[in-house]
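First comes the structure, then the notes that go with it.
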Amino acid sequence: MHDPAASPVLDGIATPDPLFTPITINGHTARNRFALPAMQRASLDFRPTPRMAPTLRAVAEGGCGLIISEGSSPDHPAAYWQQVFSVIGDDTVPEWCEVAGAVLATPGVLFLMQLWHPGAIRLVTDAMRNPYPDQPTLSPSGLVQEGRRNGRAMSAQELRETRDAYVRSALIARDLGAHGVEVHACHGYFLDQFLWHETNKRTDAYGGATLAERAAYPAEVVAAIREATGPNFVISFRFSQWKEVDYTARIAQHPDELGPFLERMRTAGVDLFNVSTRRFDTVAWPELDATRTLPAWVKTFTDAPVLAIGSVGLSTDFAHDILENEEPRSQAEHDIDRVRRGLEAGEFDLIGAGRSQIANPDLVSRVLSGELGAVRSFRKARDLAGVDEHFIHVGQIVAQSRKKD
């Protein structure tokens, strides 16, 4: 059995394995550096199914230190889209209570609940039941990407109502015993649509030429959550460069744009930055630094912990796998070694593994024991087990959005 307290030996002295060093985030400690991101499983009719609690509990019992609930919407009519996303609202409290209890039963696990909103990606069709079919699709400027409209721009009143919906859901998460929430602002969805210059054309206080200026509304949402939930509640902020409608998109054209943006979000109340990349080890600006990834750049601009994520243990990134049916190969041993080196070098503080932990809920225990040879590769048809059909609709709108008029 591998001892995490005595991994590498340097000059005859055993040093702690950085993968299994605890980390404290705003007063709450996770037992190691592994995280399970939201993967949109086990929801139906906009609420958790009975399968969600045991699937997350299995990962907790399998050794993971930080678990983020499946992506879930604040209870606002414009946030209802696919049933693969639950809602965190008064009507779903009993189901979420089961989920929170299942995760928190394992000591040493930090539990966050993700708050996600589709924004302009929301598409109401006959193929998907929606309790608010007449609700307009709302976003910063009514744009999925430049040149492609869907829905309309939000009024000041709608911005306030949506912000308050985030706060209500965060309070529910706190009351359920979650250590915090993760505010989803990536991949081309609602809050990311404020950050991206192609989708934020506003001329009021929520627009602007710079990333830091365009972050005004996401920062307002975070600050409102912080004020309502108190100083000891963890707030993670997940952001990305890439979008599901454009893999090459960037919210920051140069790393210097990251500093003011991260400072604004940190001041608003962010405790953890979850930096989503298609591959966790991809170099961000090779013309400036041939080795530095986006999470590593983020680390240079903030004192907050940074979670890196992106296809850990697999050869194919999430988008090509889930949306374009390119099956991945397992490369767990190679990637875990790379993750360990990244932690040792201070490039990031935690590592997220989604599909690898879906296929192997005991992945972290296997890393701990050095038994990676039998790790299964993720297979969508097998491991999503009935959830797959919902992603068809994601693929449809992504494909439509790539075909610009």
Side-chain angles (χ1 to χ4, degrees), residues 71 73-74 76-79 81 85 114-122 136-167 169-170 181-226 235-246 249-254 257-270 273-276 294 298 301-302 397 401:
S73 302
H76 183 279
W81 177 31
F85 295 95
Q114 189 185 83
L115 295 173
W116 166 97
H117 187 303
I121 297 293
R122 177 178 179 266
T137 292
L138 301 177
S139 66
S141 302
L143 292 167
V144 174
Q145 62 189 135
E146 194 161 9
R148 180 161 289 278
R149 304 195 66 83
N150 187 41
R152 62 169 174 79
M154 301 170 75
S155 68
Q157 178 64 26
E158 288 164 338
L159 289 166
R160 290 191 293 270
E161 291 170 351
T162 303
R163 177 201 63 202
D164 293 346
Y166 273 88
V167 170
S169 294
V181 294
E182 176 165 271
V183 176
H184 184 288
C186 55
H187 307 158
Y189 291 99
F190 177 58
L191 291 180
D192 191 20
Q193 290 159 13
F194 283 90
L195 301 178
W196 193 23
H197 69 277
E198 285 200 17
T199 48
N200 185 347
K201 304 294 186 181
R202 300 184 71 93
T203 57
D204 59 8
Y206 299 112
T210 69
L211 174 58
E213 289 172 325
R214 295 190 299 272
Y217 186 71
E220 183 175 310
V221 170
V222 167
I225 292 172
R226 170 61 68 216
I235 301 177
S236 171
F237 188 79
R238 187 177 191 188
F239 73 95
S240 69
Q241 295 270 51
W242 72 278
K243 321 299 170 197
E244 288 181 357
V245 298
D246 183 354
R250 290 183 173 186
I251 59 171
Q253 302 301 318
H254 189 280
E257 295 181 67
L258 293 172
F261 160 61
L262 296 167
E263 182 179 3
R264 182 167 200 168
M265 300 311 302
R266 186 80 165 113
T267 300
V270 169
F273 288 105
N274 181 346
V275 184
S276 179
L294 183 60
V298 170
F301 291 109
T302 183
I397 193 167
S401 297

Quick one: does [X]'s side chain get under 4.5 Å of [Y]'s, heavy atoms only?
{"X": "Lys243", "Y": "Gln145", "answer": "no"}
{"X": "Leu258", "Y": "Leu294", "answer": "yes"}
{"X": "Pro218", "Y": "Leu195", "answer": "yes"}
{"X": "Arg250", "Y": "Glu257", "answer": "no"}
{"X": "Glu263", "Y": "Phe301", "answer": "no"}
{"X": "Arg238", "Y": "Gln114", "answer": "yes"}
{"X": "Ile235", "Y": "Arg226", "answer": "yes"}
{"X": "Met265", "Y": "Val183", "answer": "no"}

How long is the gap from [atom1] on [X] to [atom2] on [Y], to the nearest 0.5 Å?
{"X": "Phe261", "Y": "Phe237", "atom1": "CZ", "atom2": "CZ", "result": "4.5 Å"}
{"X": "Gln157", "Y": "Arg160", "atom1": "CD", "atom2": "CZ", "result": "4.5 Å"}
{"X": "Arg122", "Y": "Leu138", "atom1": "CZ", "atom2": "CG", "result": "7.5 Å"}
{"X": "Ile121", "Y": "His187", "atom1": "CD1", "atom2": "NE2", "result": "12.0 Å"}

Check whether any side-chain N or O of [X] sits under 3.5 Å from a backbone N or O of [Y] as a donor-acceptor pair, and report yes or no.
{"X": "Thr302", "Y": "Leu262", "answer": "no"}
{"X": "Glu146", "Y": "Glu198", "answer": "no"}
{"X": "Arg202", "Y": "Phe194", "answer": "no"}
{"X": "Asn200", "Y": "Gly208", "answer": "no"}
{"X": "Thr199", "Y": "Gln193", "answer": "yes"}

Where [X] and [Y] come nearest, the two heavy atoms and their spacing:
{"X": "Leu143", "Y": "Ser139", "result": "N-OG, 3.7 Å"}
{"X": "Ala205", "Y": "Ala216", "result": "O-CB, 3.5 Å"}
{"X": "Pro74", "Y": "Ser169", "result": "CA-OG, 3.3 Å"}
{"X": "Ala79", "Y": "Pro118", "result": "O-CD, 3.5 Å"}
{"X": "Ser141", "Y": "Ala153", "result": "CA-CB, 3.7 Å"}
{"X": "Ala224", "Y": "Val167", "result": "CB-CG2, 3.6 Å"}

Candidate list Phe190, Trp81, Tyr189, test ring-ring contact (aromatic ring centres under 6.0 Å, His included), partner His117, passing option: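 When ring-ring contact (aromatic ring centres under 6.0 Å, His included) is applied between His117 and each of Phe190, Trp81, Tyr189, only Phe190 qualifies.
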
Before accepting this row, confirm whether a basic side-chain N of the pair Arg264/Glu213 lies closer than 4.0 Å to the acidic partner's carboxylate O.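 Not counted as a salt bridge, because no side-chain N and carboxylate O are separated by less than 4.0 Å.
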
In sequence, state the C-alpha distance, the side-chain angles, and the governing distance for Leu115 and Val221, and then conclude on side-chain contact (heavy atoms from CB on, under 4.5 Å). CA-CA 11 Å; Leu115 295 173; Val221 170; over 6 Å; no

Would Gln241 and Ile251 count as a side-chain contact (heavy atoms from CB on, under 4.5 Å) here? Give the steps. CA-CA 6 Å; Gln241 295 270 51; Ile251 59 171; 3.4 Å; yes

With a sphere of 6.0 Å drawn around CD of Gln253, does it hold more than 12 non-hydrogen atoms of other residues, nucleotides or ligands?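 More than 12 heavy atoms, drawn from other residues, nucleotides or ligands, come within 6.0 Å of this atom.
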
Would Trp196 and Arg214 satisfy side-chain contact (heavy atoms from CB on, under 4.5 Å), going step by step from the backbone distance to the final call? CA-CA 8 Å; Trp196 193 23; Arg214 295 190 299 272; 6.0 Å; no

Decide yes or no on side-chain contact (heavy atoms from CB on, under 4.5 Å) for Leu211 and Phe239, but give the supporting numbers first. CA-CA 12 Å; Leu211 174 58; Phe239 73 95; over 6 Å; no

Look at the rings of Phe85 and Trp116 and say which category their plane angle falls in: under 30° parallel, 30 to 60° tilted, over 60° perpendicular.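 Phe85 vs Trp116 ring planes: parallel.
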
